[in-house]
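Below, chain A is the first sequence line, B the second, and so on; all start at residue 1.
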2 protein chains.
Amino acid sequence: MVEAETPELVPQREVILRTAARLFREKGYERTTVRDLANAVGLQSGSLFHHFATKTEILAEVMKRGLDLASEQVADAIAAESTPDARLKAMFRSYLKALLSPECRDYMTVLLYDFRSLPPDLAREVHGYRTTQENRWRAVLRESLSDDWSDAEIRLVSQFVFGAMCWSLQWYNPSGTATLDELAEQFMQMAMSACRVNDCTREEAAKDRT
Amino acid sequence: MVEAETPELVPQREVILRTAARLFREKGYERTTVRDLANAVGLQSGSLFHHFATKTEILAEVMKRGLDLASEQVADAIAAESTPDARLKAMFRSYLKALLSPECRDYMTVLLYDFRSLPPDLAREVHGYRTTQENRWRAVLRESLSDDWSDAEIRLVSQFVFGAMCWSLQWYNPSGTATLDELAEQFMQMAMSACRVNDCTREEAAKDRT
DNA sequence: GTCTATAACCAGATAGAC
DNA sequence: GTCTATCTGGTTATAGAC
C-alpha cells in the first residue's frame, strides 16, 4: 500500500523512538524526562506508558534500532563487492557513513553514551546484539588479512579502526566544510593503512626470525 | 615535609574527588547520588557541601583533574625525546598509557561520558581546558609531518588516531592478557602508519599531478 | 489511545547544633 | 568539619474517566 509512505501513518511507536533518540542524544537519557519526551511528540506524560512499559524499555529499543539501521547499510555495501579487499574498503567507508547519517546518528550516539543506564537484563540483551555485529565485521577483516594473524591481533586492529570511527560521533559536525563522502574516503584510507602497516611490521619480524 | 606522603594527610577534598571519579565512571554521574558519594568517603550527605558548592562543581573538578594528570605524563614523555619523529612516537605511546593508567582512567572516562551533565558555564571552562591540550598534541603532529599538510588535514589525522586511543576506555580490561606496554606499542605503530600512509597517498597524488 | 490527577518516591541543597 | 533534620521540587509510573 502506498499509504504506508505518508508521514501521518508512521506508527506512533516509531515517532516516539525517533524523538527519544534525538532528545537522549542532546540531553542524555537521565536528563530527559518522560514529560520532555511526551511533550515533544504532542502527548501527555501518562500516555507514553500505553506504548512502552518503562522508560528503560524505550532506551533499549533506541539502541537496538541504531544497531539494526547501521548493520543493514554496512551489510548491503559489503554484499555489493566481489573481492576481500574491496569488501574491507566498502566496510570502512559504509560504516562511517552509516554512523554519521541523519537516520542513524542519534540512535548510535545514545548507544555509545547511555549504556550504563540500562538495567542488567536489557544491558545483556543489547550487548549481545552488539557483539553479534562486531563478530561479523571482524570476519571481513580476517578474510582480507594474511592467514597468520591471531584472533587477538585481529581484535586489536578492529578495536583501533572501529574506535577511530565511533569517536567521530563526538566531533562530527554535519554543517562542516567536508562532505560525508570525503570524510569516509579519508577515514577508509587511514583505516586500511593501519591494517596494512601492521602487515609490514609482521613481515619485518618474520625476516628477523630467519 | 615527609608527612605529605602519608595517606592520612591527603586532603579530604582529594579523597572526595578520587572517590567521585570512581563512582561516576561505574554508575554514571546522574545515577550517582550525593548520598552514595558521601557514604563512600564516610560522611553524611550534607557534609559534602562544606567542600563543594554543588554536585556539578565536583563533576567539573573531576574532569579537569583527569586532563591535568594525562597531559602531565604526555608532556614529560615528549620532553624526553630529541627528534620530531621520536616525540610523535612518545606522544602516542604515553597518551594511551596515561589514559588507561589506574591514576587517570576513572577521571578520563567521566570526561568522556558525562560531558552533557555540565551546566553551560562549566562546560565552557572544561571545553577550553580540553582544546588547549588538543592543540598542543596537534603541534607535535605538525612538527613531524611534511610541511604541505593543511590544518584541516592535521585535524583529521589527529581525530582519527586520538579517537582510536580514547575509545580504548570503552573496552580496555586491566586484567586482560596483554600488558599496557604491549598495547601502547601496538597502538603507537598503527597510529604512526595511519599518519605515514597518508603521506604515501599524498606522494602518489603529487606524482599524478606531474 | 489519550487525558487528568495523583501516588510514591528520591533528588540536591540548606540550617543550625555540636 | 561533621552531624541531624528537613525543605523543596522533580521523577517514574499508575488509575480510571472519556
Side-chain angles (χ1 to χ4, degrees), chain A residues 3-4 6-21 23-24 26-63 110 114-123, chain B residues 3-4 6-24 26-63 110 113-123:
Chain A
E3 287 92 7
T6 62
E8 290 77 14
L9 290 188
V10 172
Q12 186 74 291
R13 202 180 149 93
E14 279 307 304
V15 177
I16 296 171
L17 282 181
R18 270 215 284 264
T19 312
L23 292 179
F24 292 171
E26 287 168 3
K27 320 206 308 173
Y29 170 78
E30 300 288 347
R31 299 173 64 82
T32 305
T33 68
V34 293
R35 280 190 264 267
D36 291 336
L37 177 53
N39 290 345
V41 297
L43 291 176
Q44 293 302 310
S45 69
S47 309
L48 276 186
F49 293 96
H50 175 77
H51 302 277
F52 298 91
T54 62
K55 192 188 170 195
T56 49
E57 188 186 310
I58 303 180
L59 177 61
E61 286 296 310
V62 164
M63 291 174 168
V110 173
D114 290 314
F115 202 82
R116 286 168 307 186
S117 294
L118 287 173
D121 53 336
L122 292 177
Chain B
E3 287 92 8
T6 61
E8 290 77 14
L9 290 190
V10 172
Q12 186 74 293
R13 202 180 150 92
E14 280 306 305
V15 177
I16 295 172
L17 282 180
R18 270 215 285 265
T19 312
R22 180 172 57 80
L23 292 180
F24 292 170
E26 287 168 2
K27 319 207 307 174
Y29 170 78
E30 300 287 347
R31 298 172 65 80
T32 306
T33 68
V34 293
R35 286 176 180 83
D36 291 338
L37 176 53
N39 289 345
V41 297
L43 292 176
Q44 294 302 311
S45 69
S47 309
L48 276 186
F49 293 94
H50 176 76
H51 301 277
F52 298 91
T54 62
K55 192 188 170 196
T56 49
E57 187 186 311
I58 303 180
L59 177 61
E61 286 296 311
V62 164
M63 291 175 168
V110 173
Y113 284 115
D114 290 313
F115 202 81
R116 286 168 307 186
S117 295
L118 287 172
D121 53 335
L122 292 177

May I have the list of side-chain donor-acceptor pairs in residues 28-42 of chain A shorter than 3.5 Å, sequence neighbours left out?
residue: A:Tyr29; atom: OH; partner: A:Thr56; partner atom: N; Å: 3.2
residue: A:Glu30; atom: OE2; partner: A:Ser117; partner atom: OG; Å: 2.7
residue: A:Glu30; atom: OE2; partner: B:Arg31; partner atom: NH1; Å: 3.1
residue: A:Arg31; atom: NH1; partner: B:Glu30; partner atom: OE2; Å: 3.1
residue: A:Thr32; atom: OG1; partner: A:Gly28; partner atom: O; Å: 2.8
residue: A:Thr33; atom: OG1; partner: A:Arg35; partner atom: N; Å: 3.3
residue: A:Thr33; atom: OG1; partner: A:Asp36; partner atom: N; Å: 3.0
residue: A:Thr33; atom: OG1; partner: A:Asp36; partner atom: OD1; Å: 3.4
residue: A:Thr33; atom: OG1; partner: A:Asp36; partner atom: OD2; Å: 3.3
residue: A:Asp36; atom: OD2; partner: A:Lys27; partner atom: NZ; Å: 3.0
residue: A:Asp36; atom: OD2; partner: A:Thr33; partner atom: N; Å: 3.1
residue: A:Asn39; atom: ND2; partner: A:Arg35; partner atom: O; Å: 3.4

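- Atom CG in B:Leu48 sits about 10 Å away from atom P in D:dT2, given to the nearest Å.
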> Which letters describe nucleotides 12-18 of chain C, given B = protein heavy atom under 4.0 Å from base, S = only from sugar-phosphate, - = neither?
Replying inline: BBB----

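- Rounded to an integer number of Å, the gap from B:Asn39 CG to C:dA11 C1' is 14 Å.
- Taking each heavy atom of A:Phe24 and B:Arg116 in turn, the nearest pair found is O-NH1, 3.1 Å.
- Residues B:Glu61 and B:Ile58 form no side-chain contact, since every pair of their non-hydrogen atoms from C-beta on lies 4.5 Å or further apart.
- For A:Asp36 and D:dG10, the CG to P distance is 12 Å, given to the nearest whole Å.
- Per the geometry, NE2 belonging to A:His51 stands 15 Å off C1' belonging to D:dA13, to the nearest Å.
- Regarding B:His50, its NE2 atom lies at a distance of 5 Å from the P atom of D:dG1, rounded to whole Å.
- Atom CG in B:Leu23 sits 13.5 Å away from atom CZ in B:Arg18 (nearest 0.5 Å).
- The phosphate of D:dA5 (OP1 or OP2) has no side-chain N or O of B:Gln44 nearer than 4.0 angstrom.
- Residues forming a side chain to side chain contact (heavy atoms under 4.5 Å, CB included) with A:Gln12 (at least two apart in sequence, or on another chain): A:Val15, A:Ile16, A:Leu43, A:His51.
- For the pair A:Gln12 CD and C:dC3 C1', the interatomic distance rounds to 14 Å; values are reported in whole Å.
- Closest approach of B:Lys55 and B:Phe49 over heavy atoms only: N-CE2, 4.4 Å.
- Residue B:Phe52 contributes atom CZ, which lies 14 Å from atom C1' of D:dG1 at whole-angstrom precision.
- One atom, CG of B:Leu37, and another, P of C:dC10, lie 19 Å apart when rounded to the nearest Å.
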